Amino acid sequence: MPLPRLSSPTPRLLLRALALALAPPRRPSSPPLPIGFASPRLAVRAAAPAPLRAVLSADQRDLGMEAGEQGRPLRVGIVCGGPSAERGVSLNSARSVLDHIQGQDLVVSCYYIDSGMNAFAISPAQLYSNTPSDFDFKLESLAQGFHSLSDFAEHLATNVDIAFPVIHGKFGEDGGIQELLEKAKVPFVGTPSKECQHAFDKHSASLELDKQGFLTVPNLLVEKDKLATSELEAWFQTVNLSKEKGKVIVKPARAGSSIGVVVAYGVNDAAQKAEEIISEGIDDKVIIEVFLEGGTEFTAIVVDVGIANNSEPVVLLPTEVELQPSSSSDTKEDTIFNYRRKYLPTRQIHLKPAFRTSCDKVVYHTPPRFPAEVIDCIRKGISLLFRRLGLHDFARIDGWFLPSVSSLPSAENSEKFGNTKYGTVLFTDINLISGMEQTSFLFQQASAVGFSHSRILRTVIQHACSRFPSLVPCNNAWTALSRKLQSSKQAEAIHKGTSKQKVFVIFGGDTSERQVSLMSGTNVWLNLQGFDDLDVTPCLLAPANGYFSSHDQDFSAISREVWTLPYSLVLRHTTEEVYAACVEASEPERVEITSRLREQVMNELGPALSKHDWFAGFDIAYEEPVKYSLQQWINHVKESGAVVFIAVHGGIGEDGTIQTLLESAGVPYTGPGPIASRTCMNKVATSLAVDHLTSYGVRTIPKDVRATEEVLKYSLVDIWNGLIAKLQTETVCVKPAHDGCSTGVARLCCPKDLEVYTNALRSKYQRLPANCLYRAHGVIEMPVPPPESLIFEPFIETDEIIISNKLENGSARHLVWKGENDWLEITVGVVGKRGKMHSLNPSITVKESGDILSLEEKFQGGTGINLTPPPPTIMSEDALQRCKRSIEIMANSLGLEGFSRIDAFVNVRSGEVLLIEVNTVPGMTPSTVLIHQALAEEPPVYPHKFFRTLLDLAFERTK
């Protein structure tokens, strides 16, 4: 149905005008795009770019480009991607590095190497894609491709001062990229190629560690087409393991991020799993090693603070990785620190029979809860290892502490390094390019000894520059410019006064969305703290009795507590970890141990770094977490004259409760007010509120709301028959009435599906595993405790969009869309003042599995494919503009303000919109679609500017 012409245009808030009106941040408003790159929005509709050359912004040119006293910016080339399965993690790391090193004194160019080993220069905006898949198929039209890797290296030699490889795994840590850069004489951050080759291969590294006098884990190398069962049986016998049940770890010899790491029992199982790793193409060399029963894993960052090439490694505070197993004893699965536990920030709860996972949770302790002698042994050993293996700049070393009560098969003699009176220390994995995501070990450990994200990254880069004689003039010029800018800022601060605007960013909560909330709040906090005129404090909202009591506890507003957090305690993967770290930081014994070790490390770092002209000092002071009741916290915020950035998803963060409390206290806050929040939290109320907008191209989906108790009590067959009769549909979409982030959203095709779903609610399962319903689907996060009511709707069939594979004839990947139903699912952000909301460009999110977007596809970097804006081959410009007008009318009718996200179906022919739901506190993770959409504005609005815009809108509402 065509959308009627509107009688008058909807008032619009131009995000561009807002962005230009903001106070200048510490960093430039957006990194410069290399010539040849269109803006993110125009690029989708643009022709191939012109040849690339490095350029600087006008501001940077004004600062002076000649080396000397005047100074000039350092040109850094971030190289990410690569051929391994870790390229999604690489993209996340590169995004984080970009966020924290860019500035007026440092020009960043970005480069990507795809799975086929083709190199591209990409715009910084592309780093905010959710995954490599987001732009892999666009590379030939959006990016500047190079004819060969050698051409790419030659480009770097003339366009950057130093390269920063952020490629994890193959080609990044095996010496590949390093050898390429060495041949082109391009200075780079990190270890040289030859040393990388030896350290990255786990078998070679183990042999070298043994040669250097370190204790090692007994292991056996298995190579492709060379696996002999008799040899494996002999090895099992040598290390005193049962051939039938001996427990071992099987892992690729040359892979990182714990990819492919599995537990095996006995010779046959070990052989089978080794073959699987090889056949899946993860690696053609596999290590089988003894499982260290009773051991505890640790990891530690080491940074080189020496002068030039005189290595002086200092090991930061190590982290103990505690994997707490499920309480069930009927599972054979083991607690190993695998890829999912490293990178997916959702808590893994033990479920029952078919819904079992193998680990309750992962908890980090920095420093470890080991005896002081053991921690000293770890730090000393890693320092020795760093020197003897010829590593440079920084690295992360993983290992195990095996208490004396545990035995190490074929233990080496007492002369080997690693023996203590408390047990054995073994080093197992050398990570030459440590993960650099926002909450990675690098930043956790660095912040514990006084480094912010920016300061530790810049320290590593500056140290790398000092190792190359050719870069001494560049490094000196960069240092001169940095000092000039810092002096200018200090003078400006004195002139304007020293007071800063207090900002409290609150996140967490107790709903199933709390982990996404932690990611959102952390991202907002890190972006806002880059502004010199803001004093930003992160805050955790938690149940009064913590996260470890019964799900049946009182969750009323008065039962909440809020912790104001020091820098280092925010950098955790789950709210449970943050809460546990707060409690641990309040224990006198732990406080004393941590304080002593922190002082020890800083006393090693300080004198060494002070010898370098470029070191600007530590910039993170130690603070303790402070606990308040929710009302006490609001009083504290009011007394501080602060503004609150709300990043609490679901629950009291979106139902108007926090908004009402803040409004009553006269505290400004981000997002819609209490009434709009309350309305939008209730999906039925939201539909009723926009039901009168049919003539403006806005429609709603029929709903049947039922009490969960009723659904659990009565005949499921009768309920199913009633639903399909009332909704006039063959398949049903079920969702909690008051949850978001795809929690509990599932497609039901038959009474059996309804039975599986209700059983999960009744048993309070945390998740439904993939493909347990009739239609294929991904993992479904479930609400715990179960919601009071459920909404049933007709399932809307949408057109499938597929990203094609690259053809053998070299044809580029492209979109495949049949256009049979004319309906697609979109999500779109709205920003502005009340009554004047502005629609950003909608995003189409391509589902990678099933019919419902999973939580991971929505928010976890490394999954999901987003198309922003919809390509013109799918949706015309006219339909796109009609869709945006309808979204704005809907937002204004609901009384939205600040910012929100609207999920809907859109008719790609007419632009007509079918409302799904409205999120008044949308996801703000590093790779969320809101970031994509802000970058698609004219001019592009980068994350720190976007969040500052939302903050300034909170002040606007009080005027």
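Just so we're clear, the structure is a prediction, and the values are computed from it rather than from any experiment.
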Starting at [atom1] of [X], measure out to [atom2] of [Y] and round the result to the nearest 0.5 Å.
X: I826; Y: N841; atom1: CD1; atom2: CG; answer: 10.5 Å
X: D99; Y: N523; atom1: CG; atom2: CG; answer: 7.0 Å
X: T758; Y: L748; atom1: OG1; atom2: CG; answer: 9.5 Å
X: T731; Y: D753; atom1: OG1; atom2: CG; answer: 10.0 Å
X: S886; Y: L914; atom1: OG; atom2: CG; answer: 11.5 Å
X: Q515; Y: T575; atom1: CD; atom2: OG1; answer: 4.0 Å

Contact summary for [X] and [Y], nearest pair of heavy atoms:
X: V648; Y: E654; answer: O-CG, 3.9 Å
X: I634; Y: A665; answer: CG2-CB, 3.7 Å
X: L930; Y: P922; answer: CD1-CG, 3.6 Å
X: L518; Y: V570; answer: CD1-O, 4.3 Å
X: M837; Y: E888; answer: O-CG, 3.5 Å
X: P842; Y: P870; answer: O-CD, 3.3 Å

Holding to side chain to side chain donor-acceptor pair (under 3.5 Å), I want the full list of residues that pass it with [X], two or more places apart in sequence or in another chain.
X: E663; result: Y669
X: Q659; result: none
X: T827; result: R901, D903
X: N682; result: none

Using a 3.5 Å distance criterion without hydrogens, assess whether the side chain of [X] forms a donor-acceptor pair with backbone atoms of [Y].
X: S96; Y: N92; value: no
X: T928; Y: M924; value: no
X: H649; Y: V921; value: yes
X: Q933; Y: G829; value: yes
X: K683; Y: P736; value: yes
X: T708; Y: P787; value: yes
X: T694; Y: R699; value: no
X: S517; Y: G508; value: yes

### Summary
side chain to side chain contact (heavy atoms under 4.5 Å, CB included) filter on D655, not counting sequence neighbours, yields I652, T657, M681

### Query
Above 12 or not: heavy atoms from other molecules or residues under 6.0 Å from CG of L688?
yes

### Message
Would you say CZ of R834 has more than 12 non-hydrogen atoms from neighbouring residues, nucleotides or ligands within 6.0 angstrom?
### Response
no

### Task
Test side-chain contact (heavy atoms from CB on, under 4.5 Å) on V524 and F507 and set out the steps.
CA-CA 10 Å; V524 170; F507 48 81; over 6 Å; no

### Task
Give the ring-plane orientation class for Y942 versus Y128, where under 30° counts as parallel, over 60° as perpendicular and anything between as tilted.
perpendicular

### Query
Using 30° and 60° as the class limits, which term best fits the ring planes of F531 and H944: parallel, tilted or perpendicular?
tilted

Side-chain heavy atoms of [X] within contact of [Y], under 4.5 Å:
X: P702; Y: Q728; value: no
X: P672; Y: C680; value: no
X: F905; Y: T798; value: yes
X: E897; Y: L953; value: no
X: W817; Y: L824; value: yes
X: L790; Y: Y757; value: yes
X: T511; Y: P783; value: no
X: C733; Y: V745; value: yes

### Task
Before giving the answer on side-chain hydrogen bond (donor to acceptor under 3.5 Å, both in side chains), spell out for E513 and T743 the whole-Å C-alpha distance, their side-chain angles and the decisive distance to 0.1 Å.
CA-CA 8 Å; E513 303 169 63; T743 300; 5.0 Å; no

### Message
Apply side-chain contact (heavy atoms from CB on, under 4.5 Å) to residues L723 and R706 and explain how you reach the verdict.
### Response
CA-CA 10 Å; L723 287 172; R706 303 199 177 207; 3.9 Å; yes

### Task
Considering only NZ, NE, NH1 and NH2 on the basic side and carboxylate oxygens on the acidic side, decide whether R514 and D510 come within less than 4.0 Å.
no

### Query
Do R767 and E781 sit within salt-bridge range, that is, some charged N less than 4.0 Å from a carboxylate O?
yes

### Chi angles and distances behind the side-chain contact (heavy atoms from CB on, under 4.5 Å) call for F795, L727
CA-CA 10 Å; F795 184 86; L727 299 174; over 6 Å; no

#### Entry: Qualifying residue, where the test is side chain to side chain contact (heavy atoms under 4.5 Å, CB included) with T686 and the options are D691, I916, L915
L915

### Task
Step by step, work out the side-chain contact (heavy atoms from CB on, under 4.5 Å) result for F792 and T729.
CA-CA 11 Å; F792 296 91; T729 184; over 6 Å; no

### Audit row: R747, E797, salt bridge (Lys or Arg N to Asp or Glu O under 4.0 Å) steps and yes/no
CA-CA 11 Å; R747 179 180 185 176; E797 293 283 354; 2.7 Å; yes

### Message
Listing request: all salt bridge (charged side-chain N to carboxylate O under 4.0 Å, His left out) pairs with a residue in residues 729-738, at least two apart in sequence or in separate chains.
### Response
K735-E793

